[in-house]
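Take a look at the structure set out below.
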There are 2 protein chains.
Amino acid sequence: MRDMDFVPLGLAADLVILTVRDGRLQVLLIRRGIPPYEGQWALPGGFVRPDEDLETTARRELAEETGLTTERIHLEQLATYGAPDRDPRGRVVSVAYLALVPDLPAPVAGSDAASASWIDVQKVRGLAFDHDRILTDGVERARAKLEYSPLATAFCPPEFTISELRGVYEAVWGTPLDPRNFHRKVTKTPDFVAPVGTTTTRDGGRPAQLFHRGTATTLHPPMTRA
Amino acid sequence: MRDMDFVPLGLAADLVILTVRDGRLQVLLIRRGIPPYEGQWALPGGFVRPDEDLETTARRELAEETGLTTERIHLEQLATYGAPDRDPRGRVVSVAYLALVPDLPAPVAGSDAASASWIDVQKVRGLAFDHDRILTDGVERARAKLEYSPLATAFCPPEFTISELRGVYEAVWGTPLDPRNFHRKVTKTPDFVAPVGTTTTRDGGRPAQLFHRGTATTLHPPMTRA
DNA sequence: TCAAAAGTGTTTGTCCTACACCCATGA
DNA sequence: TCATGGGTGTAGGACAAACACTTTTGA
(Lines give C-alpha, C1' and ligand atoms only; values in the text may rest on other atoms or scores of the structure.)
Protein backbone atom coordinates (compact mmCIF):
# COMPACT_ATOMS: atom_id res chain seq x y z
CA MET A 1 0.00 0.00 0.00
CA ARG A 2 1.58 3.23 -1.10
CA ASP A 3 0.01 6.67 -1.48
CA MET A 4 -3.59 7.45 -0.84
CA ASP A 5 -5.31 7.39 -4.15
CA PHE A 6 -9.00 8.20 -4.04
CA VAL A 7 -10.44 6.91 -7.26
CA PRO A 8 -14.02 8.11 -7.60
CA LEU A 9 -16.20 5.13 -6.87
CA GLY A 10 -19.38 4.12 -5.11
CA LEU A 11 -19.40 1.50 -2.41
CA ALA A 12 -22.61 -0.47 -1.95
CA ALA A 13 -23.87 -3.34 0.15
CA ASP A 14 -26.26 -5.72 -1.59
CA LEU A 15 -28.26 -8.41 0.14
CA VAL A 16 -29.17 -11.97 -0.72
CA ILE A 17 -32.03 -12.54 1.72
CA LEU A 18 -33.16 -16.14 1.68
CA THR A 19 -36.08 -17.83 3.37
CA VAL A 20 -38.00 -21.10 3.11
CA ARG A 21 -41.72 -20.70 2.45
CA ASP A 22 -44.15 -23.40 1.42
CA GLY A 23 -41.30 -25.86 1.11
CA ARG A 24 -39.41 -23.75 -1.41
CA LEU A 25 -36.30 -21.63 -1.18
CA GLN A 26 -37.15 -18.02 -1.88
CA VAL A 27 -35.24 -14.76 -2.19
CA LEU A 28 -36.38 -11.23 -1.46
CA LEU A 29 -36.21 -9.07 -4.58
CA ILE A 30 -37.22 -5.49 -5.27
CA ARG A 31 -38.51 -4.10 -8.51
CA ARG A 32 -36.40 -1.13 -9.54
CA GLY A 33 -38.34 2.13 -9.83
CA ILE A 34 -35.59 4.14 -11.50
CA PRO A 35 -32.97 3.65 -14.22
CA PRO A 36 -30.74 1.85 -14.82
CA TYR A 37 -32.57 -1.45 -15.20
CA GLU A 38 -35.87 0.32 -14.41
CA GLY A 39 -38.67 -2.16 -13.90
CA GLN A 40 -36.37 -5.13 -13.51
CA TRP A 41 -35.91 -7.22 -10.41
CA ALA A 42 -32.80 -6.67 -8.32
CA LEU A 43 -31.33 -7.59 -4.97
CA PRO A 44 -32.03 -5.05 -2.23
CA GLY A 45 -29.08 -2.92 -1.28
CA GLY A 46 -27.79 0.57 -0.79
CA PHE A 47 -24.72 2.72 -0.57
CA VAL A 48 -22.41 2.66 2.41
CA ARG A 49 -22.53 5.90 4.32
CA PRO A 50 -19.42 7.75 5.41
CA ASP A 51 -18.14 6.36 8.69
CA GLU A 52 -20.55 3.44 8.46
CA ASP A 53 -19.24 -0.11 8.83
CA LEU A 54 -20.04 -2.45 5.95
CA GLU A 55 -22.07 -4.84 8.07
CA THR A 56 -23.95 -1.92 9.58
CA THR A 57 -25.03 -0.90 6.10
CA ALA A 58 -26.15 -4.42 5.35
CA ARG A 59 -28.10 -4.70 8.58
CA ARG A 60 -29.73 -1.33 8.05
CA GLU A 61 -30.89 -2.34 4.57
CA LEU A 62 -32.08 -5.68 5.91
CA ALA A 63 -34.21 -3.94 8.50
CA GLU A 64 -35.63 -1.54 5.92
CA GLU A 65 -36.61 -4.30 3.52
CA THR A 66 -37.97 -6.85 5.95
CA GLY A 67 -39.29 -4.61 8.69
CA LEU A 68 -37.69 -6.96 11.17
CA THR A 69 -35.62 -6.48 14.25
CA THR A 70 -32.42 -7.79 12.78
CA GLU A 71 -30.54 -8.71 15.93
CA ARG A 72 -31.31 -12.38 15.71
CA ILE A 73 -31.03 -12.65 11.94
CA HIS A 74 -28.10 -14.53 10.54
CA LEU A 75 -26.01 -12.23 8.37
CA GLU A 76 -22.63 -13.00 6.86
CA GLN A 77 -20.44 -11.43 4.24
CA LEU A 78 -20.66 -13.26 0.94
CA ALA A 79 -18.21 -11.73 -1.54
CA THR A 80 -17.32 -8.45 -3.21
CA TYR A 81 -18.08 -7.66 -6.84
CA GLY A 82 -16.10 -4.95 -8.52
CA ALA A 83 -15.93 -5.40 -12.28
CA PRO A 84 -15.38 -1.90 -13.69
CA ASP A 85 -18.41 -2.08 -15.98
CA ARG A 86 -20.89 -3.73 -13.65
CA ASP A 87 -22.88 -0.50 -13.16
CA PRO A 88 -23.54 1.79 -16.17
CA ARG A 89 -23.57 4.84 -13.90
CA GLY A 90 -19.90 4.54 -13.04
CA ARG A 91 -17.61 2.51 -10.88
CA VAL A 92 -19.60 0.83 -8.13
CA VAL A 93 -18.10 -1.86 -5.95
CA SER A 94 -20.61 -3.97 -4.11
CA VAL A 95 -20.03 -5.97 -0.97
CA ALA A 96 -22.66 -8.69 -0.95
CA TYR A 97 -24.11 -10.12 2.26
CA LEU A 98 -26.10 -13.27 2.79
CA ALA A 99 -29.04 -13.19 5.22
CA LEU A 100 -31.07 -16.21 6.29
CA VAL A 101 -34.46 -15.43 7.79
CA PRO A 102 -37.35 -17.53 9.07
CA ASP A 103 -40.67 -17.62 7.29
CA LEU A 104 -41.92 -14.19 8.27
CA PRO A 105 -45.24 -14.05 10.11
CA ALA A 106 -45.54 -10.37 9.20
CA PRO A 107 -45.66 -9.38 5.52
CA VAL A 108 -42.80 -7.50 3.93
CA ALA A 109 -44.02 -4.00 4.66
CA GLY A 110 -42.58 -0.52 4.70
CA SER A 111 -39.85 -1.20 2.18
CA ASP A 112 -39.84 2.40 1.00
CA ALA A 113 -41.18 3.09 -2.47
CA ALA A 114 -40.01 -0.02 -4.29
CA SER A 115 -42.15 -3.13 -4.26
CA ALA A 116 -40.53 -6.13 -2.65
CA SER A 117 -41.51 -9.76 -3.14
CA TRP A 118 -40.42 -13.24 -2.21
CA ILE A 119 -39.57 -15.14 -5.39
CA ASP A 120 -38.71 -18.81 -5.83
CA VAL A 121 -34.99 -19.02 -6.34
CA GLN A 122 -35.50 -21.57 -9.10
CA LYS A 123 -37.57 -19.13 -11.11
CA VAL A 124 -35.27 -16.13 -10.89
CA ARG A 125 -33.58 -15.02 -14.09
CA GLY A 126 -32.57 -11.72 -15.61
CA LEU A 127 -31.86 -9.66 -12.53
CA ALA A 128 -30.37 -6.20 -12.84
CA PHE A 129 -26.60 -5.62 -12.82
CA ASP A 130 -24.63 -8.79 -12.00
CA HIS A 131 -27.19 -9.84 -9.43
CA ASP A 132 -27.87 -13.20 -11.06
CA ARG A 133 -24.32 -14.12 -10.28
CA ILE A 134 -24.47 -12.79 -6.73
CA LEU A 135 -27.66 -14.74 -6.07
CA THR A 136 -26.10 -17.90 -7.46
CA ASP A 137 -23.10 -17.46 -5.19
CA GLY A 138 -25.34 -16.85 -2.19
CA VAL A 139 -27.46 -19.92 -2.81
CA GLU A 140 -24.37 -22.02 -3.31
CA ARG A 141 -22.94 -20.72 -0.03
CA ALA A 142 -26.14 -21.55 1.81
CA ARG A 143 -26.25 -25.06 0.34
CA ALA A 144 -22.68 -25.73 1.31
CA LYS A 145 -23.04 -24.34 4.81
CA LEU A 146 -26.00 -26.54 5.66
CA GLU A 147 -23.66 -29.49 5.39
CA TYR A 148 -21.17 -28.61 8.04
CA SER A 149 -22.86 -25.94 10.16
CA PRO A 150 -26.10 -25.76 12.12
CA LEU A 151 -27.20 -22.85 9.97
CA ALA A 152 -30.42 -24.47 8.84
CA THR A 153 -31.86 -23.38 12.18
CA ALA A 154 -31.50 -19.77 10.99
CA PHE A 155 -34.42 -20.46 8.64
CA CYS A 156 -36.58 -21.71 11.52
CA PRO A 157 -38.59 -19.88 14.17
CA PRO A 158 -37.17 -19.96 17.71
CA GLU A 159 -38.97 -23.24 18.40
CA PHE A 160 -39.26 -25.84 15.67
CA THR A 161 -39.80 -29.53 15.09
CA ILE A 162 -37.32 -31.90 13.53
CA SER A 163 -39.45 -32.28 10.45
CA GLU A 164 -39.64 -28.52 10.01
CA LEU A 165 -35.86 -28.50 10.12
CA ARG A 166 -35.83 -31.32 7.62
CA GLY A 167 -38.10 -29.25 5.38
CA VAL A 168 -35.42 -26.56 5.33
CA TYR A 169 -32.78 -29.01 4.16
CA GLU A 170 -35.09 -30.43 1.54
CA ALA A 171 -36.01 -27.00 0.21
CA VAL A 172 -32.47 -25.65 0.10
CA TRP A 173 -30.91 -28.78 -1.34
CA GLY A 174 -33.86 -29.71 -3.49
CA THR A 175 -33.70 -33.36 -2.46
CA PRO A 176 -35.94 -35.49 -0.25
CA LEU A 177 -34.38 -36.88 2.92
CA ASP A 178 -35.33 -39.95 4.92
CA PRO A 179 -37.31 -38.66 7.92
CA ARG A 180 -36.17 -41.44 10.22
CA ASN A 181 -32.46 -41.18 9.57
CA PHE A 182 -32.61 -37.39 9.56
CA HIS A 183 -34.26 -37.40 12.97
CA ARG A 184 -31.65 -39.71 14.43
CA LYS A 185 -28.74 -37.79 12.98
CA VAL A 186 -29.89 -34.35 14.11
CA THR A 187 -30.77 -35.41 17.62
CA LYS A 188 -27.52 -37.33 18.07
CA THR A 189 -25.20 -34.63 16.79
CA PRO A 190 -23.99 -32.91 19.98
CA ASP A 191 -25.52 -29.47 20.57
CA PHE A 192 -27.09 -29.16 17.12
CA VAL A 193 -30.54 -28.78 18.68
CA ALA A 194 -31.83 -28.80 22.27
CA PRO A 195 -35.27 -30.07 23.32
CA VAL A 196 -37.66 -27.46 24.69
CA GLY A 197 -39.69 -30.06 26.55
CA THR A 198 -43.04 -29.33 24.94
CA THR A 199 -44.75 -30.75 21.91
CA THR A 200 -46.89 -29.54 19.03
CA THR A 201 -49.32 -31.11 16.60
CA ARG A 202 -49.13 -28.30 14.04
CA ASP A 203 -47.59 -30.66 11.50
CA GLY A 204 -50.41 -33.23 11.95
CA GLY A 205 -50.10 -36.78 13.20
CA ARG A 206 -48.41 -37.71 16.41
CA PRO A 207 -47.24 -34.75 18.50
CA ALA A 208 -43.65 -33.75 17.76
CA GLN A 209 -41.11 -32.50 20.24
CA LEU A 210 -40.12 -28.87 19.95
CA PHE A 211 -36.47 -27.89 19.81
CA HIS A 212 -34.45 -24.72 19.78
CA ARG A 213 -30.95 -24.09 18.45
CA GLY A 214 -28.06 -25.73 20.19
CA THR A 215 -24.69 -24.18 20.86
CA ALA A 216 -22.74 -26.03 18.18
CA THR A 217 -20.97 -23.95 15.53
CA THR A 218 -19.87 -26.81 13.31
CA LEU A 219 -21.32 -30.26 12.70
CA HIS A 220 -19.25 -33.39 13.23
CA PRO A 221 -19.90 -35.41 11.21
CA PRO A 222 -21.53 -33.20 8.55
CA MET A 223 -25.01 -33.65 7.17
CA THR A 224 -24.93 -35.35 3.80
CA ARG A 225 -26.81 -34.49 0.65
CA ALA A 226 -28.38 -37.41 -1.13
CA MET B 1 -29.60 1.09 -4.48
CA ARG B 2 -30.70 4.65 -4.88
CA ASP B 3 -28.71 7.67 -6.00
CA MET B 4 -25.05 7.61 -6.82
CA ASP B 5 -23.24 8.73 -3.75
CA PHE B 6 -19.47 8.93 -4.09
CA VAL B 7 -18.12 8.99 -0.59
CA PRO B 8 -14.39 9.68 -0.70
CA LEU B 9 -12.68 6.40 -0.06
CA GLY B 10 -9.72 4.30 -1.10
CA LEU B 11 -10.13 0.80 -2.43
CA ALA B 12 -7.25 -1.57 -1.91
CA ALA B 13 -6.46 -5.21 -2.56
CA ASP B 14 -4.37 -6.94 0.11
CA LEU B 15 -2.81 -10.36 -0.26
CA VAL B 16 -2.38 -13.30 2.05
CA ILE B 17 0.29 -15.26 0.17
CA LEU B 18 0.91 -18.63 1.78
CA THR B 19 3.50 -21.28 1.07
CA VAL B 20 4.97 -24.34 2.76
CA ARG B 21 8.72 -24.24 3.30
CA ASP B 22 10.78 -26.56 5.46
CA GLY B 23 7.61 -28.22 6.67
CA ARG B 24 6.13 -25.00 8.02
CA LEU B 25 3.31 -22.77 6.80
CA GLN B 26 4.70 -19.35 5.93
CA VAL B 27 3.29 -16.04 4.76
CA LEU B 28 4.88 -13.34 2.64
CA LEU B 29 5.11 -10.06 4.56
CA ILE B 30 6.61 -6.70 3.70
CA ARG B 31 8.20 -4.26 6.08
CA ARG B 32 6.57 -0.87 5.70
CA GLY B 33 8.94 1.91 4.66
CA ILE B 34 6.54 4.78 5.20
CA PRO B 35 3.94 5.87 7.78
CA PRO B 36 1.53 4.83 9.03
CA TYR B 37 2.90 1.79 10.84
CA GLU B 38 6.37 2.58 9.49
CA GLY B 39 8.80 -0.25 10.16
CA GLN B 40 6.08 -2.76 10.99
CA TRP B 41 5.24 -5.89 9.05
CA ALA B 42 2.17 -5.85 6.83
CA LEU B 43 0.51 -7.89 4.13
CA PRO B 44 1.45 -6.89 0.59
CA GLY B 45 -1.20 -4.93 -1.27
CA GLY B 46 -2.01 -1.85 -3.22
CA PHE B 47 -4.75 0.40 -4.43
CA VAL B 48 -7.15 -0.60 -7.16
CA ARG B 49 -6.63 1.47 -10.29
CA PRO B 50 -9.51 3.10 -12.13
CA ASP B 51 -11.08 0.62 -14.54
CA GLU B 52 -9.08 -2.24 -13.05
CA ASP B 53 -10.86 -5.37 -11.92
CA LEU B 54 -10.31 -6.37 -8.30
CA GLU B 55 -8.69 -9.68 -9.15
CA THR B 56 -6.46 -7.95 -11.69
CA THR B 57 -5.15 -5.72 -8.93
CA ALA B 58 -4.50 -8.72 -6.73
CA ARG B 59 -2.72 -10.60 -9.48
CA ARG B 60 -0.61 -7.59 -10.36
CA GLU B 61 0.49 -7.18 -6.75
CA LEU B 62 1.16 -10.90 -6.51
CA ALA B 63 3.44 -10.74 -9.54
CA GLU B 64 5.25 -7.68 -8.16
CA GLU B 65 5.91 -9.27 -4.78
CA THR B 66 6.83 -12.76 -5.84
CA GLY B 67 8.39 -12.11 -9.24
CA LEU B 68 6.40 -15.04 -10.55
CA THR B 69 4.33 -15.65 -13.59
CA THR B 70 1.03 -15.74 -11.81
CA GLU B 71 -1.07 -17.65 -14.32
CA ARG B 72 -0.78 -20.95 -12.55
CA ILE B 73 -0.99 -19.55 -9.05
CA HIS B 74 -4.14 -20.23 -7.07
CA LEU B 75 -5.81 -16.95 -6.15
CA GLU B 76 -9.23 -16.54 -4.57
CA GLN B 77 -11.09 -13.72 -2.92
CA LEU B 78 -11.03 -13.99 0.85
CA ALA B 79 -13.17 -11.22 2.35
CA THR B 80 -13.55 -7.45 2.46
CA TYR B 81 -12.57 -5.33 5.42
CA GLY B 82 -14.11 -1.91 5.74
CA ALA B 83 -14.21 -0.68 9.32
CA PRO B 84 -14.23 3.13 9.12
CA ASP B 85 -11.19 3.51 11.36
CA ARG B 86 -9.03 0.71 10.02
CA ASP B 87 -6.64 3.11 8.28
CA PRO B 88 -5.58 6.35 10.04
CA ARG B 89 -5.20 8.12 6.69
CA GLY B 90 -8.89 7.97 5.92
CA ARG B 91 -11.52 5.57 4.74
CA VAL B 92 -9.85 2.63 3.03
CA VAL B 93 -11.78 -0.50 2.16
CA SER B 94 -9.63 -3.52 1.48
CA VAL B 95 -10.60 -6.57 -0.54
CA ALA B 96 -8.36 -9.37 0.68
CA TYR B 97 -7.23 -12.21 -1.58
CA LEU B 98 -5.70 -15.54 -0.66
CA ALA B 99 -2.87 -16.91 -2.79
CA LEU B 100 -1.31 -20.35 -2.43
CA VAL B 101 2.11 -20.77 -4.00
CA PRO B 102 4.64 -23.60 -4.17
CA ASP B 103 7.98 -23.38 -2.41
CA LEU B 104 9.64 -20.89 -4.73
CA PRO B 105 12.86 -21.98 -6.36
CA ALA B 106 13.67 -18.35 -7.09
CA PRO B 107 14.09 -15.93 -4.18
CA VAL B 108 11.59 -13.16 -3.58
CA ALA B 109 13.28 -10.50 -5.64
CA GLY B 110 12.33 -7.22 -7.22
CA SER B 111 9.61 -6.37 -4.73
CA ASP B 112 10.15 -2.64 -5.20
CA ALA B 113 11.65 -0.71 -2.32
CA ALA B 114 10.12 -2.59 0.61
CA SER B 115 11.82 -5.69 1.96
CA ALA B 116 9.74 -8.83 1.72
CA SER B 117 10.21 -12.02 3.74
CA TRP B 118 8.63 -15.38 4.32
CA ILE B 119 7.61 -15.63 7.96
CA ASP B 120 6.26 -18.61 9.89
CA VAL B 121 2.55 -18.05 10.32
CA GLN B 122 2.78 -19.23 13.92
CA LYS B 123 5.24 -16.48 14.78
CA VAL B 124 3.37 -13.57 13.23
CA ARG B 125 1.96 -10.99 15.60
CA GLY B 126 1.49 -7.25 15.55
CA LEU B 127 0.96 -6.61 11.88
CA ALA B 128 -0.02 -3.16 10.64
CA PHE B 129 -3.67 -2.13 10.27
CA ASP B 130 -6.09 -5.06 10.79
CA HIS B 131 -3.78 -7.43 8.97
CA ASP B 132 -3.53 -9.84 11.90
CA ARG B 133 -7.21 -10.50 11.47
CA ILE B 134 -6.96 -10.84 7.69
CA LEU B 135 -4.11 -13.30 8.03
CA THR B 136 -6.05 -15.33 10.58
CA ASP B 137 -9.03 -15.48 8.25
CA GLY B 138 -6.82 -16.51 5.34
CA VAL B 139 -5.12 -19.29 7.26
CA GLU B 140 -8.47 -20.54 8.49
CA ARG B 141 -9.80 -20.57 4.94
CA ALA B 142 -6.80 -22.54 3.72
CA ARG B 143 -7.15 -25.06 6.55
CA ALA B 144 -10.82 -25.59 5.83
CA LYS B 145 -10.36 -25.88 2.08
CA LEU B 146 -7.76 -28.61 2.35
CA GLU B 147 -10.49 -30.81 3.76
CA TYR B 148 -12.92 -30.79 0.91
CA SER B 149 -10.92 -29.55 -2.08
CA PRO B 150 -7.75 -30.70 -3.82
CA LEU B 151 -6.18 -27.32 -3.08
CA ALA B 152 -3.20 -28.77 -1.24
CA THR B 153 -1.72 -29.39 -4.68
CA ALA B 154 -1.52 -25.62 -5.16
CA PHE B 155 1.34 -25.63 -2.64
CA CYS B 156 3.22 -28.27 -4.63
CA PRO B 157 5.39 -28.07 -7.74
CA PRO B 158 3.87 -29.46 -10.96
CA GLU B 159 5.15 -32.93 -10.11
CA PHE B 160 5.17 -34.14 -6.53
CA THR B 161 5.18 -37.27 -4.43
CA ILE B 162 2.43 -38.38 -2.10
CA SER B 163 4.59 -37.71 0.93
CA GLU B 164 5.30 -34.18 -0.27
CA LEU B 165 1.57 -33.67 -0.51
CA ARG B 166 1.21 -35.12 2.97
CA GLY B 167 3.82 -32.64 4.17
CA VAL B 168 1.56 -29.83 2.97
CA TYR B 169 -1.36 -31.14 4.98
CA GLU B 170 0.80 -31.62 8.06
CA ALA B 171 2.23 -28.12 7.81
CA VAL B 172 -1.07 -26.37 7.21
CA TRP B 173 -3.00 -28.33 9.81
CA GLY B 174 -0.16 -28.67 12.27
CA THR B 175 -0.87 -32.34 12.87
CA PRO B 176 0.95 -35.51 11.86
CA LEU B 177 -0.90 -37.87 9.52
CA ASP B 178 -0.47 -41.59 9.07
CA PRO B 179 1.59 -42.03 5.86
CA ARG B 180 -0.02 -45.34 4.97
CA ASN B 181 -3.63 -44.29 5.32
CA PHE B 182 -2.91 -40.94 3.69
CA HIS B 183 -1.39 -42.64 0.68
CA ARG B 184 -4.33 -44.95 0.27
CA LYS B 185 -6.88 -42.20 0.63
CA VAL B 186 -5.28 -39.78 -1.80
CA THR B 187 -4.66 -42.34 -4.51
CA LYS B 188 -8.15 -43.79 -4.21
CA THR B 189 -10.04 -40.49 -4.30
CA PRO B 190 -11.07 -40.14 -7.96
CA ASP B 191 -9.10 -37.53 -9.90
CA PHE B 192 -7.39 -36.02 -6.86
CA VAL B 193 -3.97 -36.82 -8.32
CA ALA B 194 -2.82 -38.55 -11.49
CA PRO B 195 0.39 -40.61 -11.80
CA VAL B 196 3.06 -39.20 -14.07
CA GLY B 197 4.64 -42.62 -14.58
CA THR B 198 8.12 -41.76 -13.31
CA THR B 199 9.67 -41.99 -9.87
CA THR B 200 12.06 -40.00 -7.72
CA THR B 201 14.29 -40.72 -4.77
CA ARG B 202 14.60 -37.10 -3.67
CA ASP B 203 12.80 -37.91 -0.43
CA GLY B 204 15.23 -40.78 0.35
CA GLY B 205 14.35 -44.43 0.74
CA ARG B 206 12.43 -46.39 -1.81
CA PRO B 207 11.64 -44.48 -5.03
CA ALA B 208 8.29 -42.75 -4.93
CA GLN B 209 5.88 -42.32 -7.79
CA LEU B 210 5.46 -38.80 -9.10
CA PHE B 211 1.98 -37.35 -9.50
CA HIS B 212 0.44 -34.21 -10.88
CA ARG B 213 -2.88 -32.58 -10.10
CA GLY B 214 -6.02 -34.38 -11.07
CA THR B 215 -9.16 -32.80 -12.45
CA ALA B 216 -11.28 -33.04 -9.30
CA THR B 217 -12.64 -29.81 -7.86
CA THR B 218 -14.08 -31.24 -4.66
CA LEU B 219 -13.14 -34.26 -2.57
CA HIS B 220 -15.65 -36.97 -1.79
CA PRO B 221 -15.25 -38.03 0.91
CA PRO B 222 -13.24 -35.16 2.41
CA MET B 223 -9.81 -35.47 3.97
CA THR B 224 -10.03 -35.52 7.75
CA ARG B 225 -7.96 -33.68 10.29
CA ALA B 226 -6.76 -35.71 13.22
C1' DT C 1 23.43 -55.11 5.89
C1' DC C 2 20.98 -51.43 7.65
C1' DA C 3 18.21 -47.20 7.73
C1' DA C 4 14.61 -44.89 5.53
C1' DA C 5 10.78 -44.08 3.06
C1' DA C 6 7.07 -46.36 -0.23
C1' DG C 7 3.37 -48.99 -0.45
C1' DT C 8 -0.11 -53.22 0.74
C1' DG C 9 -3.01 -56.11 3.80
C1' DT C 10 -5.93 -56.79 7.73
C1' DT C 11 -8.54 -55.93 11.70
C1' DT C 12 -11.78 -53.37 14.25
C1' DG C 13 -14.95 -49.95 15.07
C1' DT C 14 -17.97 -46.18 13.50
C1' DC C 15 -21.15 -44.21 10.63
C1' DC C 16 -24.67 -44.27 6.76
C1' DT C 17 -28.60 -46.33 4.30
C1' DA C 18 -32.63 -48.70 3.86
C1' DC C 19 -36.50 -50.23 5.63
C1' DA C 20 -39.48 -52.93 9.19
C1' DC C 21 -41.97 -51.62 12.86
C1' DC C 22 -44.39 -49.30 16.76
C1' DC C 23 -46.49 -44.73 18.90
C1' DA C 24 -49.79 -40.90 19.57
C1' DT C 25 -52.68 -37.81 17.86
C1' DG C 26 -57.02 -35.68 14.93
C1' DA C 27 -60.84 -36.67 12.05
C1' DT D 1 -61.00 -46.90 12.94
C1' DC D 2 -57.95 -44.97 9.88
C1' DA D 3 -54.72 -41.64 8.02
C1' DT D 4 -50.78 -38.99 9.26
C1' DG D 5 -46.66 -37.89 10.77
C1' DG D 6 -43.21 -39.01 15.05
C1' DG D 7 -39.86 -41.87 16.50
C1' DT D 8 -36.92 -46.56 17.49
C1' DG D 9 -34.56 -50.96 16.01
C1' DT D 10 -31.68 -53.39 13.16
C1' DA D 11 -29.08 -55.60 9.28
C1' DG D 12 -25.72 -54.74 5.67
C1' DG D 13 -22.29 -52.07 3.59
C1' DA D 14 -18.83 -48.32 3.14
C1' DC D 15 -15.21 -46.21 5.19
C1' DA D 16 -11.51 -44.75 8.67
C1' DA D 17 -7.94 -45.62 12.28
C1' DA D 18 -4.34 -48.39 13.78
C1' DC D 19 -0.66 -51.10 12.81
C1' DA D 20 1.86 -55.50 11.05
C1' DC D 21 4.27 -56.35 7.13
C1' DT D 22 6.72 -56.31 2.50
C1' DT D 23 9.38 -53.54 -1.15
C1' DT D 24 13.15 -50.76 -3.03
C1' DT D 25 16.44 -47.66 -2.84
C1' DG D 26 21.17 -45.12 -0.90
C1' DA D 27 24.89 -45.40 2.28
Side-chain angles (χ1 to χ4, degrees), chain A residues 20 22-23 146-148 150 152 156 159-171 173 175-212 216 218-226, chain B residues 22-23 146-148 152 156 159-171 173 175-212 216 218-226:
Chain A
V20 173
D22 305 324
L146 289 209
E147 292 188 8
Y148 58 88
C156 295
E159 300 190 347
F160 53 87
T161 67
I162 298 296
S163 60
E164 286 162 358
L165 184 63
R166 177 167 48 84
V168 168
Y169 276 91
E170 293 177 328
W173 284 348
T175 48
L177 299 172
D178 185 295
R180 286 103 27 130
N181 293 335
F182 183 87
H183 184 282
R184 201 190 338 254
K185 179 134 182 184
V186 166
T187 53
K188 285 197 175 171
T189 298
D191 303 315
F192 188 176
V193 296
V196 171
T198 55
T199 60
T200 180
T201 57
R202 66 186 175 216
D203 299 327
R206 170 177 167 180
Q209 277 197 285
L210 284 167
F211 293 82
H212 44 67
T218 55
L219 264 29
H220 296 293
M223 305 296 290
T224 46
R225 264 143 141 160
Chain B
D22 305 325
L146 289 209
E147 292 189 8
Y148 57 88
C156 295
E159 300 190 347
F160 52 88
T161 67
I162 298 295
S163 61
E164 285 162 359
L165 184 64
R166 176 166 49 85
V168 168
Y169 275 90
E170 293 178 329
W173 284 349
T175 48
L177 298 172
D178 185 294
R180 286 109 19 143
N181 293 334
F182 183 87
H183 184 283
R184 201 190 339 254
K185 179 136 181 182
V186 167
T187 52
K188 286 198 176 170
T189 299
D191 301 316
F192 188 176
V193 295
V196 171
T198 54
T199 60
T200 181
T201 57
R202 66 186 178 219
D203 299 326
R206 171 177 167 179
Q209 277 196 284
L210 283 167
F211 293 82
H212 46 67
T218 55
L219 265 28
H220 295 291
M223 305 296 290
T224 47
R225 266 144 141 159

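Values in this document were obtained by computation on a predicted structure and should not be read as measured data.
- One can place CZ of R180(B) at 14 Å from P of dG9(C), the figure rounded to the nearest angstrom.
- A straight line from CZ of R202(B) to P of dG26(D) spans 15 Å, rounded to a whole angstrom.
- For E164(A) and dG5(D), the CD to P distance is 13 Å, given to the nearest whole Å.
- Relative to the side chain of P207(A), the nucleotides dG5(D), dT25(C), dC16(C) differ in distance, and dT25(C) lies closest.
- Heavy-atom distances to DNA chain D give each of A208(A) and G205(B) a nearest nucleotide, and the one nearer the 5′ end belongs to A208(A).
- Looking at heavy-atom distances under 4.0 Å, P221(A) makes contact with sugar-phosphate atoms alone, never a base.
- A distance of 7.5 Å separates CD of E164(A) from OG1 of T200(A), quoted to the nearest 0.5 Å.
- As judged by a 4.0 angstrom heavy-atom cut-off over every strand, T224(A) is placed among residues touching the sugar-phosphate backbone only.
- Whole-Å rounding puts the H183(B) NE2 to dT22(D) C1' distance at 14 Å.
- Side-chain contact between M223(A) and V186(A): present, with at least one pair of heavy atoms (C-beta onward) separated by less than 4.5 Å.
- Straight-line distance from the CZ atom of R184(A) to the P atom of dG5(D): 20 Å, rounded to whole Å.
- A donor-acceptor contact under 3.5 Å is formed by the side chain of N181(B) with the base of dA18(D).
- Minimum heavy-atom separation, R202(A) to F160(A): NH2-CA, 3.6 Å.
- Residues K185(B) and N181(B) have side chains not in contact (no heavy-atom distance under 4.5 Å, counting atoms from C-beta outward).
- D178(A) has its CG atom 8 Å from the C1' atom of dC19(C), to the nearest Å.
- As judged by a 4.0 angstrom heavy-atom cut-off over every strand, S163(B) is placed among residues touching the sugar-phosphate backbone only.
- Annotation: of the two residues near DNA chain D, K185(B) and G204(B), the 5′-most nearest-nucleotide partner is K185(B).
- Ranking dG7(C), dG6(D), dC19(C) by closeness to the R206(A) side chain, first place goes to dG6(D).
- Ring geometry for Y148(B) against Y148(A) counts as parallel: the plane angle stays under 30°, on a 0 to 90° scale with 60° as the upper cut.
- To the nearest angstrom, C1' of dT8(D) lies 13 Å from CD of Q209(A).
- Taking atom CD1 on I162(A) and atom C1' on dG5(D), their separation rounds to 14 Å, with Å as the unit.
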